[in-house]
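Counting convention: from 1, in listed order, for ligands and their atoms alike.
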Amino acid sequence: MAERKGLTYHDSVRSHVDPLDERPPGKPAELKKLATLGIETVGDLLAHYPWRYADSREVTDIASLAVGRNVSLVAQVRSAEVKLAQRTGKPRVEAKVTDGTRTLDLVIFMPHRGAADFHVKRLVPGSLGLFSGQINIFNGRLQLANPTYAIFGHEVDEAVALEEAEWPIPIYPATAGLESDKIRAAVRAALDPLTEQDVPDPVPGPVRAERHLASRWSALRGVHVPQTEDDWRKGQARLRYEEAFVLQVELARRRAGAQHEESTARPARSGGLLEAFDARLPFVLTDGQVAAGEQIAADLARPHPMQRLLQGEVGSGKTVVALRAMLQVVDAGGQAALLAPTSVLAAQHVRTLRALLGDLAEGGLLGGSEIGTRVALLTGAQSTAERRSNLLEAASGQAGIVVGTHALLSDPVQFADLGLVVIDEQHKFGVEQRGRLQAKAANAPHLLVTTATPIPRTVAMTVFGELEISELRHVPAGRSGITTHVVPADNRPWMDRTWSRVREEVERGGRAFVVCARIDADDEADGAELVPDEPATVGEAQAAAQRAPKKPLRAVLEVVETLRSDPRLGGTAVGLLHGRMTSEEKDRAIADFASGRTPVLVSTTVIEVGVDVPEATVMVILDAHVFGLSQLHQLRGRVGRGSAPGLCLLVADAPEGTVAAQRLGALAATTDGFELARVDLELRKEGDVLGSAQSGKRGTLRFLRIVSDGALIERARDDARALVEADPDLAAWPALRAAIDLQLADGREEFLGQS
Ligand code: ADP
Ligand code: MG
């Protein structure tokens, strides 16, 4: 009896064990290697998707293969011979395989001659095979060392049945000692015994039925054991939808959650600061600014926290819209905090506000206006006394507007009644910081986020999915625009022309920025998000080998010296600005530049965001090839803001055909930030594929491409909204809840970090 009970008990436990949580079948050594790929359970293993499929009738493009990674390629044997090491006499097989255009060296080290001869017999010139291993650079040559391989037709893996020979071959992200083939076998061993019931499906049945989607189980069969190309494509499509859906459900829940949160309504009031500010604005608001302003004003008037993203082209006037929102909140008796990514920018916001508000910014001072308020500034570099008085103004509510950098997030900062948080130029802020500032208000404050550079709408919907979106599509009229040219760094006449253009502009009353990637010779990049220079693929590595070596990056301290004595600038005063200067030094450098005392400013990317000097007409970016596309676009946005046309000169060492050259070409071709954001994501796509090849982690976005999958994301968003509306806690959908937890565990936060 007792025994029976025990058995029953055991059985009931077993029936609750999720087969996907079990350890994969296999030998301990193999499991250990799987663990290095982050694979611990059957579920992990099944989420280790092939990143490509080989067709045994089609060779792989060798140029596209990743250097330093484990790769698999279908190629044709060109030659194979045994060589002996000069001193030790140890044999090795040297072979060449080709895709018809390029060749790749193979080397296989062997303990004795007989084994080497055996390989040479298998590697018959002209035969096709699948080769797997790591591509390394040895003595300046690319080679695949000690690959595992199978020659098609000649000797098919015995385990592979004859009918399977024609199936697409899944190629897995692999690791040393655990080639794609072995992973494939492990996946088969884990997947084959599972039935549809064993694999929980995060996409609810009704949604699946409506969208004609297969079950998760059959999608997994499709991607891991496809019999046709159609199988894996359908499987991927289903998993792609799932990724979008799970993400959108979580975002819909967050949005719904905010709708239930309470916040203080801050409706517009007539006769207040906002009206006075508008009356003093030296320009007319654009239609876009008016429309966005109305959306924001309506949000602020509701007793639920606004959650809005304001995005638009560089220079489209986002900051003005944000300032107006802040004034509405101050008029309603609350305080507004403005977070800027740099202290230079924070100080500039304060200057703009004070200049436009005039006596309205002197509330509480003798001669100040009655409706006025104070503008406090909090940065990390302030003196103790200055900081203390600003802290006091914030805590007492005297300052209606508090502007700051990250220092605003530090604990001692308190507010009397924080009603609105504006995060300007969002790409420098993390999600967590956003939360920390919001925690400083008793009631959830309203939130407005502005982006630094425009991003495609579908990207915004995903990355900032819990936010409503307002867009400024046009820059104010009357701007003359920017012309951009790429200047090859080693072209002497072009460089001469570059510096004489700078001089001409200065003589005409303009200003010129000269941007460098570093502060001094042995300095790390100062705020520059440098694009790594290593060749990513065999094609790039082979092209790089034929070019001259790169010169070291130019540095601010060196460039400032050379320019001061450069006859081509004819004695023009040159200032400098970089991240290691104190706040006062930085402010002075910007002020001297703005006033024309030093009409040329050599700087790092600290000027990247927001710096607004309307007289600036020229921007010279040295080593432009190492900067990312959105950063270049941001930088360029610093010129051509006034009535004079802007000129951006990208001095670069970017030979034709390189990705850097494509980036710079795109930048020269358009000033449309939305278009550039699209190109940028496209150029990085290769990197995405390679990046995901490294990681077997579940929960990351593997199939969803947020740029090209816009329509799918919209569909998933609609489905998600409907579902969350009907069942906010997802009570009926445990598999969906589990999938959300998994995706949030690392995937999405990681993903957000890249934005
Ligand atoms: P963003 O933050 O979107 O890059 P800003 O708000 O800094 O842009 O505005 C860029 C410049 O354009 C500033 O000098 C600002 O005063 C000016 N500006 C803003 N709106 C207008 C407008 N409607 N007409 C003319 N100039 C404007
Ligand atoms: Mg701005």
Side-chain angles (χ1 to χ4, degrees), residues 274 277-294 296 308-327 336 338-358 403-405 422-429 448-455 460 469-482 510-511 513 590 593-594 605-617 619 630-646 648 671-674 676-677:
L274 178 55
F277 178 85
D278 282 347
R280 289 170 196 212
L281 266 184
F283 45 74
V284 183
L285 295 175
T286 63
D287 292 347
Q289 285 172 318
V290 171
E294 279 167 2
I296 293 168
R308 190 170 285 279
L309 172 75
L310 174 63
Q311 73 152 335
E313 190 53 80
V314 179
S316 57
K318 298 181 290 286
T319 304
V320 175
V321 174
L323 295 181
R324 294 184 68 250
M326 295 169 72
L327 294 174
L338 172 60
L339 263 76
T342 64
S343 62
V344 168
L345 201 52
Q348 178 187 292
H349 284 328
V350 169
R351 274 198 303 276
T352 308
L353 273 165
R354 290 198 177 132
L356 282 173
L357 290 174
V403 182
T405 56
V422 175
I423 301 182
D424 198 27
E425 319 275 3
Q426 156 78 22
H427 79 174
K428 300 282 180 182
F429 285 100
L448 180 65
V449 178
T450 76
T451 54
T453 37
I455 50 181
I469 302 173
S470 298
E471 270 176 5
L472 299 182
R473 295 222 64 119
H474 304 287
V475 297
R479 301 249 173 94
S480 326
I482 309 169
R511 316 266 188 281
F513 289 106
I590 296 258
F593 179 66
T605 56
V606 293
I607 55 138
E608 175 192 356
V609 278
V611 168
D612 191 28
V613 175
E615 294 81 9
T617 47
M619 167 148 307
S630 77
Q631 193 165 36
L632 289 170
H633 182 56
Q634 241 330 297
L635 283 166
R636 172 171 70 170
R638 301 308 110 214
V639 297
R641 302 191 135 222
S643 51
C648 176
T671 53
D672 179 346
F674 287 95
L676 285 171

Task: Steps toward side chain to side chain contact (heavy atoms under 4.5 Å, CB included) verdict (T671, R636) - done: CA-CA 9 Å; T671 53; R636 172 171 70 170; 4.1 Å; yes
- [ ] Before giving the answer on side chain to side chain contact (heavy atoms under 4.5 Å, CB included), spell out for M619 and I482 the whole-Å C-alpha distance, their side-chain angles and the decisive distance to 0.1 Å.
- [x] CA-CA 10 Å; M619 167 148 307; I482 309 169; over 6 Å; no
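Close approach to T319 involves these atoms of ligand 1, each under 4.0 Å from a residue heavy atom: 2 (O), 6 (O), 7 (O). In summary, the atoms of ligand 1 found under 4.0 Å from a heavy atom of V320, numbered by their order in the structure, are 6 (O), 19 (C). Here is the list of ligand 1 atoms found below 4.0 Å of a heavy atom in V284: 22 (C), 23 (N), 24 (N). Each of the atoms 23 (N) of ligand 1 lies under 4.0 Å from some heavy atom of T286. Ligand 1 places these atoms under 4.0 Å from at least one heavy atom of L285: 23 (N).
For D278, the CG atom sits in a packed shell: over 12 heavy atoms of surrounding residues, nucleotides or ligands are nearer than 6.0 Å.
The line from CD of Q348 to OG1 of T319 is 8.0 Å long, rounded to the nearest 0.5 Å. Atom CG of L285 is separated from atom CG of L472 by 10.0 Å, given to the nearest 0.5 angstrom. One distance of note links NZ of K318 with CD of E313; it measures 7.5 Å at 0.5 Å rounding.
Which of Q289, K318, R638 comes nearest to atom 20 (N) of ligand 1 through a heavy atom is settled by distance: it is Q289. Considering only non-hydrogen atoms, atom 8 (O) of ligand 1 lies nearest to G317 out of G317, G288, G312, P476.
Ligand 1 has at least one atom lying under 4.0 Å from a heavy atom of S316.
Using a cut-off of 2.8 Å, one finds that T319 contributes an N/O/S atom close to the Mg ion (ligand 2).
You'll find the side chain of M326 stays beyond 4.5 Å of the side chain of L274, heavy atoms only.
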